[in-house]
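Worth knowing before you read on, the calculation uses all heavy atoms, side chains too, and leaves out hydrogens, waters and symmetry mates. Please read all numbers here as calculations on a predicted model, not as lab measurements. Nothing fancy with the numbering, it's 1 onward along the sequence. Note that ligands are numbered from 1 as they come in the structure, with each ligand's atoms numbered from 1 the same way.
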Amino acid sequence: MSQLRAAAGRGLRRSGGRAAPPAGQSRKGASSRGGAPAPAPPPPPAQHLFSDPAEIEALRGNLLAWYDKCKRDLPWRALAAAETDADRRAYAVWVSEIMLQQTQVATVIDYYNRWMQKWPTLQALAQASLEEVNELWAGLGYYSRGKRLQEAARKVVSELAGQMPRTAEDLQKLLPGVGRYTAGAIASISYGQATGVVDGNVIRVLCRLRCIGADSSSPAVIDRLWDMANALVDRSRPGDFNQALMELGATVCVPKAPLCGECPVKKHCRARSRVEKELAFASQKLFGKPAPVPDVEDCGVGGCPLCPPAAEPWDSSLGVTNFPRKAAKKQPRAVRTATCVLERRGCHGAPEYLIVQRPSSGLLAGLWEFPSLTLAQDLQEEKQRKALADHLQAWAGRPVAARNLRLIGEVIHIFSHIHQTYVVYSLPLDGDVTLDPALSPSRWVTEEEFHASAVSTAMKKVLKAHEKQRGKESGPGKGSKRKRGAKTQGAGSTCPGTQLSLHAFLQAPTAP
Ligand code: SF4
């Protein structure tokens, strides 16, 4: 099973997890638009190929021997090794592969163990509610992954008689959310199909092994890498070979400071050879000797579709990390959202918070959050406060005075493609609120219930900011701060005769 997840880098996102399966996975073999098939591209120069069968055998042997000795002990590996039922084994691999996309191994382990304990089979997962899935997934990010996993499990149970497709091709074709990478990983690890995989770690390793410096996210390069992965994969141990290649990228051939001295395939690495040649050349130049004759396998500069662009020459300070190269990443979109922690006191003074459910599609689909409103960029504080107060009116059922909203501060959260700023307000209430059932689902929760709900990491940060502010305000002489997890009264309960109505609160004179 794959376990890349080293530090982030080219090909990996902020979380340091596996990069998304590369674009262009399914483009291979596509014909040109509107007529005759596109002519086959010329074969790449020898420098970028694995063409010597003896070298391929040696590389496989070295890599597998290293993997047998050095692989990390991970729960999904243990499960896959022990499970004799092919469907259960494929399911165990599948769950790990989906969780590991974009997320580090260290983070995934606990989620994986809890998931497999709760839903050890496809059938168990198929019976779960989306709310349960979101609750378990909360904090793992990229929430649509959990939803799609469950949808696919339901499909296997209802349409495929509970049997997982048995080849990479069928897995990709029949299961929603399963792309070429995930299909290859499941098929090679669970069924022993000799099919390669290409993810962020494999891209990095292969690009270095074969000095591929063209944009590694381009379809042309990705297609070449798939060809290479399929040619290299060990025929007798395909699952282990694929995991070994990814493990190498995660632990040795890491993005920024690869451990080339410890690398089991250094003898086959052309990036390393290139570094040595460049050093030799630099030293000969220093002593006024003639430049060495280029190797017959070296690429000429320019024209080669797999070499670095001529405009980006070799940077000796980067060494092997000259490879791979990626086109500049698109800047994330900036979004500002006003959000309000509506708080009331339950019995015994324990705070309760109003959370509302997001729509069932789009970003953070179906998750719970504090009432929130997307703001226009550069909106003045006074106007954003007013806009939020108007928005909260829907929840309160009556006007909310903007001046009653207390500004807590800003919380930043980076989603894959969005730079999100939450402008956090709070509104303490002394009264109960009758929630309008016509609005989105909503409920009052204690702090414990909030953390057990399907809420995003961003919302947890918002509550933390709110608690921090409250802690400051209730410093010495201002009352004591409650500890997280202290026993609280269940949500929805009220202490009769102790509270004003929300209406009374909203209409009450406000602080200056
Ligand atoms: Fe990566 Fe270095 Fe090994 Fe080459 S020798 S594959 S650059 S770790």
| said: Just checking Phe415 against His413, ring centres under 6.0 Å apart? | reply: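 Aromatic pair counts; centres sit under 6.0 Å.
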| Do any N/O/S atoms of Cys263 come under 2.8 Å of atom 3 (Fe) of ligand 1? |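 Looking at Cys263, which is the residue asked about, there is an N, O or S atom under 2.8 Å from atom 3 (Fe) of ligand 1.
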| task | Kindly indicate, with the supporting measurements, whether the criterion ring pair (Phe, Tyr, Trp, His ring centres under 6.0 Å) is fulfilled by Trp76 and Tyr112. | result | CA-CA 8 Å; Trp76 41 90; Tyr112 183 79; 5.2 Å; yes
Report, in ascending order of atom number, the atoms of ligand 1 lying under 4.0 Å from any heavy atom of [X].
X	answer
Cys269	4 (Fe), 5 (S), 6 (S), 7 (S)
Val320	7 (S)
Lys266	5 (S)
Arg272	5 (S)

| Nearest atoms (heavy-atom pairs only) where Pro120 meets Ala124 |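 Minimum heavy-atom separation between Pro120 and Ala124: CD-CB, 4.1 Å.
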| request: Using a 4.0 Å heavy-atom threshold (strictly under), name the region of Cys260 that reaches ligand 1: side chain, backbone, both or neither. | output: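 Looking at Cys260 and ligand 1, atoms from backbone and side chain both fall under 4.0 Å.
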| Separation between OG of Ser453 and CD of Glu369, rounded to the nearest 0.5 Å |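 Between atom OG of Ser453 and atom CD of Glu369 there are 13.0 Å.
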| said: I'd like to know if Arg210 and Glu55 make a salt bridge, using a cut-off of under 4.0 Å between side-chain N and carboxylate O. | reply: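 A salt bridge is present here (some side-chain N lies under 4.0 Å from a carboxylate O).
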| message | Taking Leu232's backbone N and O only, do any of them form a donor-acceptor pair with Arg60's side chain (distance below 3.5 Å, no angle check)? | response |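 Flag set: sc Arg60 to bb Leu232 pair under 3.5 Å.
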| request: Answer yes or no as to whether an N/O/S atom of Cys253 is found below 2.8 Å from atom 2 (Fe) of ligand 1. | output: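 No N, O or S atom of Cys253 is closer than 2.8 Å to atom 2 (Fe) of ligand 1, so no.
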